[in-house]
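Before any comments, here is the structure.
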Number of protein chains: 2
Amino acid sequence: MYNTTAVVMDDFIIKYISAYIELTPEEEDIIRNQNLIKPFPKDTVLLAEGEHARECYFVLKGCVRRYHIINGEERTTDFYTENQSIIPVSYSTKKPSEYFLSCVEDTVIALGSNERNEELIKQIPKLETMLVQMASEMQAQNQIEMDNFKNLSPEERYRNLTETRPDLLNRVPLNYIATYLGITPESLSRIRKRISRNR
Amino acid sequence: MYNTTAVVMDDFIIKYISAYIELTPEEEDIIRNQNLIKPFPKDTVLLAEGEHARECYFVLKGCVRRYHIINGEERTTDFYTENQSIIPVSYSTKKPSEYFLSCVEDTVIALGSNERNEELIKQIPKLETMLVQMASEMQAQNQIEMDNFKNLSPEERYRNLTETRPDLLNRVPLNYIATYLGITPESLSRIRKRISRNR
DNA sequence: AATAACAATTAGCTTAAGTTAATTTCTAAT
DNA sequence: ATTAGAAATTAACTTAAGCTAATTGTTATT
C-alpha cells in the first residue's frame with residue numbers, strides 16, 4: 001500500500017504544522033505514519049447533501065467546491081484550494097449535510113476524523129494548541145470574507161476576487177464563480193464586459 | 001469592589017460553561033474569582049477602528065453592534081446578544097481593527113484576554129476542550145450565515161431575520177438592520193411595505 | 001409643551017441585476 | 001476532423017435596489 005503521492009504530501013503537512021508548533025523527529029514520524037492522505041479524481045463527490053459528514057479535510061493539492069442545490073440549481077458557496085481546511089457543518093453538528101463537496105480537479109486530501117484526531121492529540125498534545133490557533137485564524141478569515149461580501153457590490157466583489165484569489169479564475173469555470181459571488185452567470189458576463197470596456 | 005451585577009452574571013457563565021464540560025465546585029469558584037465581568041452603558045465603544053483589540057468579549061446581557069465606516073457611512077456587520085462571544089479579528093491577527101464595537105444597549109460583558117485565558121486553562125485544562133468545541137460551533141454558524149446571505153435575496157434575508165432573530169427587530173433601530181442585511185434603509189422600508197401589503 | 005435631533009418612510013429617477021431565450025465559443029469524445 | 005454538450009456571452013425585457021431629496025414620525029431634552 002505504498003503511495004508516492006502520500007510520501008510527497010506528508011512533507012507538506014509537516015511543513016504546514018511546523019508553522020504553528022515545533023515538531024520533534026519522532027512526532028513527525030507519528031504524523032507520517034497516520035497515512036491518511038488520499039488522492040481523489042476530478043468530480044469525486046466527497047460529501048453529498050443529506051449525508052452525515054464523518055471526516056474533515058485538508059486540501060494538499062487541487063480544488064474542492066462546496067455547493068448547495070436550490071430550486072434545482074447549483075449555488076457555489078466556497079472553494080477550497082491548497083492548504084485550506086474543510087470542516088463540514090455536518091461534521092460539527094452531526095446533522096445531515098445541507099450541501100455538497102466535490103472535487104473540481106484531481107485533488108489530494110488529508111483526512112481527519114474525530115477519533116483519529118483525538119488519538120493523535122493524545123500522542124502530541126501540542127496539536128490542540130495548534131487547533132485553537134487555526135480555529136481563531138479561520139474565524140477571522142470568515143469574518144473578513146463576510147464583511148467584504150456585505151459591503152461590496154457584485155462588481156466590487158468580482159474585482160476583489162481577482163485580487164485576492166486570482167488563481168481561482170483560471171482553474172474554475174465562470175458559472176461556478178458567478179454563484180460564488182452571489183450573482184448569475186449572465187450578470188458576471190456583463191460585469192466582465194463592463195470592466196474590460198473601461199480598460 | 002463587590003458588584004451585584006457580577007454576582008448574578010457569574011451564574012450565567014457557570015451555567016453556559018456547564019453545557020460543554022462538567023465543573024467541580026472548586027472549579028466553579030476559580031471561575032467566579034476571575035471577576036472579569038463588567039457593565040457598560042449604552043453607546044460605549046468597546047473597540048474603535050485602528051485600535052488593537054486586547055480583549056475578547058462574551059455578552060451576558062445587552063447587545064453589541066459591530067460596524068465599519070465606509071465612505072463616512074456606518075455599515076453594520078453584526079449584532080451580538082446574550083450568550084454570544086466576540087473575538088475581534090484584531091484580537092486574533094494583532095493588527096489594528098478594521099471595525100468598531102459599540103453597545104446598542106446597557107450591556108454586561110465577561111472579558112477575556114490571552115494572558116487570563118491561558119492562566120485559566122492552566123488551572124482548568126478542560127476549558128481548552130470547550131474552546132475547541134465552541135470554535136467548531138461558531139465556524140458552523142458563520143458558514144450557515146454566509147450561505148444564507150449569498151443565496152437569499154434582500155427580501156428573503158429580511159424574512160429570514162424575522163424568523164431567526166426576531167428579538168433584534170425590537171431592540172435595534174431599522175437603519176442598523178438595513179446595513180446588516182446589506183441594503184439601504186430606503187430599501188428595507190420598501191421591503192417591509194411590500195411584505196405588509198401582501199399580508 | 002415646544003423644539004431639536006434622529007429615525008423611518010415615501011417619491012422620482014437611475015442603474016444594474018434577474019429572467020428567458022438565442023447565439024457563439026469552447027471542450028471533449030468519437 | 002466532426003460533432004455533441006456544456007460554458008459563456010449577448011440581447012430584450014422586467015424588477016428591484018441605489019441615490020437624492022423631501023416628508024413624516026419618534027424620542028429625548030429643556
Original post:
In whole angstrom, what separates A/Ile70's CD1 from C/dG18's C1'?
Top reply: 15 Å

**OP:** Look at the side-chain N and O atoms of A/Lys193 and state whether any lies under 4.0 Å from the OP1 or OP2 oxygen of C/dA16.
**Re:** no

Subject >> Within 6.0 Å of CD in A/Glu98, more than 12 heavy atoms from elsewhere >> reply: no

**OP:** Check whether any side-chain N or O of B/Thr44 sits under 3.5 Å from a backbone N or O of B/Leu46 as a donor-acceptor pair, and report yes or no.
**Re:** no

**OP:** Compute both the distance and the angle, then confirm whether A/Arg66 meets the cation-pi test with A/Tyr99: under 6.0 Å from the six-membered ring centre, within 45 degrees of the axis.
**Re:** yes

Subject >> Expected output: side-chain B/Lys150 to main-chain A/Tyr180 donor-acceptor under 3.5 Å >> reply: yes

Original post:
How about B/Phe149: does its CZ atom have over 12 heavy atoms from other parts shown lying under 6.0 Å from it?
Top reply: yes

Subject >> Between D/dA7 (P) and A/Glu73 (CD): distance, integer Å >> reply: 12 Å

Subject >> Closest nucleotide among D/dA8, D/dA11, C/dT10 to the B/Ser189 side chain >> reply: C/dT10

Original post:
B/Arg157 CZ to C/dA17 C1': how many Å, rounded?
Top reply: 13 Å

**OP:** Take the protein atom CG of A/Asn170 and the nucleotide atom P of D/dA7, then report the distance between them rounded to whole Å.
**Re:** 18 Å

**OP:** Ignoring hydrogens and angles, tell me if any N or O in the side chain of A/Arg165 forms a donor-acceptor pair with the backbone of A/Phe79 under 3.5 Å.
**Re:** yes

Original post:
For A/Asn175 and C/dC26, what is the distance between atoms CG and P respectively, to the nearest whole Å?
Top reply: 15 Å

**OP:** Start with the C-alpha gap between A/Tyr176 and A/Tyr67, add the side-chain angles, then the distance that decides, and say whether ring pair (Phe, Tyr, Trp, His ring centres under 6.0 Å) holds.
**Re:** CA-CA 9 Å; A/Tyr176 294 170; A/Tyr67 63 96; 7.6 Å; no

Original post:
Could you state the interatomic distance from CD (B/Gln133) to CE (B/Met138), rounded to the nearest 0.5 Å?
Top reply: 14.0 Å

Original post:
Given axes from five pairs at either end, by how many degrees does the helix from C/dA1-D/dT30 to C/dT30-D/dA1 bend, rounded to 10°?
Top reply: 40°

**OP:** For nucleotides 13-30 of chain D, just jot down a letter per nucleotide in 5' to 3' order: B, S or -, based on protein non-hydrogen atoms under 4.0 Å.
**Re:** ---SBBBBB---------

Original post:
Roughly, in whole Å, what's the span from CG in A/Leu152 to P in C/dA16?
Top reply: 16 Å

Original post:
Under the salt bridge (charged side-chain N to carboxylate O under 4.0 Å, His left out) test, which residues partner A/Glu74, sequence neighbours left out?
Top reply: A/Arg65

Original post:
Atom OH of A/Tyr176 to atom P of D/dA8: distance rounded to whole Å?
Top reply: 9 Å

Original post:
For A/Tyr158 and C/dA16, what is the distance between atoms OH and P respectively, to the nearest whole Å?
Top reply: 17 Å

